[in-house]
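Note sheet for the following structure.
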There are 2 protein chains.
Amino acid sequence: MMSHPLRTHIESVSKLTDEEFDYILSHFTTVKLKKHSSLVREGDLVKHEYFVLKGCLRSYVTDNTGKEFTYQFAAETWWISEREAFMKHIPASTAIECLEDCQLLALSYEDRAKLGREIWKYEHYLAVKSNMGYVALQKRLQLMIMGSAKERFENFVHQYPHLYNRIPKTHIASYLGVSRETISRLYRK
Amino acid sequence: MMSHPLRTHIESVSKLTDEEFDYILSHFTTVKLKKHSSLVREGDLVKHEYFVLKGCLRSYVTDNTGKEFTYQFAAETWWISEREAFMKHIPASTAIECLEDCQLLALSYEDRAKLGREIWKYEHYLAVKSNMGYVALQKRLQLMIMGSAKERFENFVHQYPHLYNRIPKTHIASYLGVSRETISRLYRK
DNA sequence: ATTTTTAAGTGACAAATGTCCTTTCACCAG
DNA sequence: CTGGTGAAAGGACATTTGTCACTTAAAAAT
C-alpha cells in the first residue's frame, strides 16, 4: 500500500511510527486552488507554509520596472512559503501563484512550532530541511556568478527535467536571470 | 570600560551576565595569522569556526579554468568558516585566506555544540545568526539576478564602505561576479 | 633609495545577452 | 470547425560585459 507523500518526505530524514505520522498529519488542512490563482500576494501576512500534493507553483518578486524574478518553483513533494514573512510575521515581499490547478497541505505557524516542540523528529526534519535549503541557495548563487547563461540553463534542465517541459519558458528564464529569448537561442543548438 | 567585541556581538541578540560571557569566552582560543596565509585549504577538514578580532579574510572557490569566486569577506566582528565542511565533517570545497594580518577567535565544533546545549542564549544567538545569513544570501542572489553590474557594485560600496577601500578590487569583482575591468569602468563615471 | 612585484586604470575589440518586433504554433471557448 | 489568445521562435540590432595588451601607480623587498 501507498505511503502518504508527506510521510515519505519526512521519513527521508527520520522514520516515524504510524501514530506519530497521523498526529502530525492531523495538524494540516487541505487547500485547493485553480491555475493562475494567488496563494500569497505582496503585502499579505503569511500564516501558513505549504506542502504540495498536486500541481505546481512559483514564488516571485517584481521590481520597480515590472520585471519579475522567480525565486522558487514547487511541484509535488516540495514545500513552499514566504519564509521571511512566515517566520517574522511581516508583510510578504514575495508573491506565490499557481501555475496549474493545485492541491496543498497547509500548516500554520503555531502548529509548526507545536509539532517541533512535541515531536523531536519533526524538529530535526525541519533543521535538516533548512540546512539543505541553505546549501542549495549557495550552489545557486555560485552557479549564477560563475556560470554562463548556457551552463545555468543546462544545469536546470539536468536538475529538474520534469519541470522543464511543464513550466512556461518565461518563468524558467526569470528563475535563471536571463531573457526568454536567450533560452530560445540556447536550445536551438 | 570597553566591552569585548564578541560579547557586544552576542548581546546584539540577547544580553549575557558577566559569568555567562566569561564561560563562553573560555572555550575560544586565539589564532594569529600573517597576511596571505591560508586559514583553510580546499580538501581540509574544518574543525573550527572563527570570529574576527582584527584583520580581514575572504573565502573563495576556484573553478576548473582557474577563475575565482569570492564567496564571503569577513572583517572585524564577523564570523567566518566553511559552513558545510564544518557542519558535516567533510573536506572543504572552499578555501579561506587572510587579506591582512589577522587575529581570530576559534571555536571547535564540539565546544560550539556544548555551549549551545548549556547556554540557551548562545543557541538562540546561533539560530538568529543563521537566519540572518539565509536572508542575506537571498538578497544577494536576487540582486545578482535582477541587478546590473553597476547596481551590484553601488550596492556593495553602500553596504560595505569600509571594505571597498581595504580589499583589492580583483576580489570585489569576483565577489560581484564581474571582471576587474568592469569595476574600473564603473567608477570612472 | 632602488629595485622588484603587485594592483589598478585604460583603450580596442570580441562575445554574450538584452530588446524590440514579426511570425508561427498550439490550445481553448464558443 | 473557427476565431482568438498566449506562448514560443526567430531575426536585427543595441548594449553590456569580457578579454587582451599595455601603461601607470603603488607597495613591498632589499
Tested for side-chain contact (heavy atoms from CB on, under 4.5 Å) against B/Ser38, the lone hit among B/His36, B/Arg41, B/Glu42 is B/Arg41

Practice task
Compute whether any side-chain donor of one residue and acceptor of the other, for B/Glu20 and B/Tyr122, lie under 3.5 angstrom apart.
Solution key: no

For nucleotides 4-8 of chain D, print each protein N/O atom paired with a nucleotide N/O atom at under 3.5 Å, atom names and distance only.
residue: D/dA8; atom: OP1; partner: A/Lys169; partner atom: N; Å: 2.9
residue: D/dA8; atom: OP2; partner: A/Lys169; partner atom: N; Å: 3.3
residue: D/dA8; atom: OP2; partner: A/Thr170; partner atom: OG1; Å: 3.3

**Message:** If only side-chain N and O atoms count, and only distance matters, is there a donor-acceptor pair under 3.5 Å linking B/Tyr71 with A/Gln138?
**Reply:** yes

Per the under-4.0 Å heavy-atom filter, residues of residues 139-153 of chain B near DNA chain D come out as B/Ser148, B/Ala149

task = Report yes if a side-chain nitrogen or oxygen of A/Thr182 is closer than 4.0 Å to either non-bridging phosphate oxygen (OP1 or OP2) of C/dG18; otherwise report no.
result = yes

Of the listed C/dC20, C/dG18, D/dC20, the closest approach to the A/Ser179 side chain comes from C/dG18

Between its two end axes (five pairs each) the helix from C/dA1-D/dT30 to C/dG30-D/dC1 turns, nearest 10 degrees, through 50°

#### Entry: Phosphate-side-chain proximity, B/Lys35 and D/dA28, N/O vs OP1/OP2 below 4.0 Å
yes

Do A/Arg185 and C/dG18 have a side chain to base donor-acceptor pair shorter than 3.5 Å? yes

*asked:* Can you see whether B/Tyr125 engages B/His9 through a side-chain donor-acceptor pair at a distance of less than 3.5 angstrom?
replied: yes

Six-ring centre of A/Tyr175, A/Arg58 cation under 6.0 angstrom, axis tolerance 45° | no

